[in-house]
Amino acid sequence: MRIKDKDIMDLYKCFEDALSRASKVERKEKMKMRKKIRDELYLLLAWERPTPDVIMNRWEERLDKVFKVLPFGAREDLFVLMKKIMQTPKV
């Protein structure tokens with residue numbers, strides 16, 4: 001099952017909400033993080049059958065600075081959203 005554009009936007013919104021709540025991060029640093037997030041999200045469109053676990057493992061490696069500044073519970077929220085997206089049948 002492939003990830004759709006709408007799913008990418010939902011994930012981006014979740015990242016954006018969490019990043020906007022992150023304190024002690026300068027504006028320029030947040031802009032760099034947003035670019036990395038966008039790059040990773042759009043790579044998901046090319047994946048044939050991604051699983052939530054594989055995606056989160058990749059993100060934890062590649063977006064480690066982002067995950068360090070996200071507020072408590074944001075990582076779990078992303079994982080739950082990812083599971084929900086993967087379980088929803090695509091038409």
Would a 4.5 Å heavy-atom cut-off, applied to side chains only, mark Lys4 and Ile85 as touching?
no
Are side-chain heavy atoms of Arg34 and Glu16 found at a separation under 4.5 Å?
yes
Paired with Met86, the side-chain contact (heavy atoms from CB on, under 4.5 Å) test is passed by just one of Asp53, Ile55, Thr51, namely Ile55
So do Phe67 and Asp64 actually touch side chain to side chain, heavy atoms under 4.5 Å?
no
Working to the nearest 0.5 angstrom, can you tell me the gap between Leu78 CG and Asp10 CG?
11.5 Å
With a 3.5 Å distance limit and no angle check, can you tell me whether Lys65 reaches the backbone of Met33 through a side-chain donor-acceptor pair?
no
Looking at CE of Met82 and CE of Met56, how far apart are the two atoms once the value is rounded to the nearest 0.5 Å?
7.0 Å
Side-chain donor or acceptor of Lys30 paired with backbone N/O of Ala22 under 3.5 Å:
yes
After noting the C-alpha distance and the side-chain angles of Tyr12 and Ile37, does the key distance pass the side-chain contact (heavy atoms from CB on, under 4.5 Å) rule?
CA-CA 8 Å; Tyr12 184 74; Ile37 290 167; 4.0 Å; yes
Considering only heavy atoms from C-beta outward, does the side chain of Asp7 approach that of Leu81 to under 4.5 Å?
no
Tell me, which pairs form a ring pair (Phe, Tyr, Trp, His ring centres under 6.0 Å) where one or both residues lie in residues 16-46, sequence neighbours left out?
none
4.5 Å side-chain heavy-atom contact, Leu41 and Met9
no
Ring centre gap for Phe15 and Trp59 strictly below 6.0 Å
yes
Can you get from Val54 to Val66 by hopping between Ile, Leu, Val, Met, Phe, Trp and Tyr side chains that sit under 4.5 Å apart?
yes
For Ile3 and Leu45, the nearest pair of non-hydrogen atoms, with its separation, is O-CD2, 3.3 Å
Separation of Lys32 NZ from Lys36 NZ (nearest 0.5 Å):
8.5 Å
For Leu11 and Leu44, run side-chain contact (heavy atoms from CB on, under 4.5 Å): C-alpha distance rounded to whole Å, both residues' side-chain angles, the deciding distance at 0.1 Å, then the answer.
CA-CA 11 Å; Leu11 288 167; Leu44 291 179; 4.2 Å; yes
Within a strict 4.5 Å, meaning less than it, do heavy atoms of the Arg21 and Phe72 side chains meet?
no
So does Asp39 pair up with Lys35, basic N to acidic O under 4.0 Å?
yes
Is it true that Arg75 and Glu60 make a salt bridge, defined as a side-chain N closer than 4.0 Å to a carboxylate O?
yes
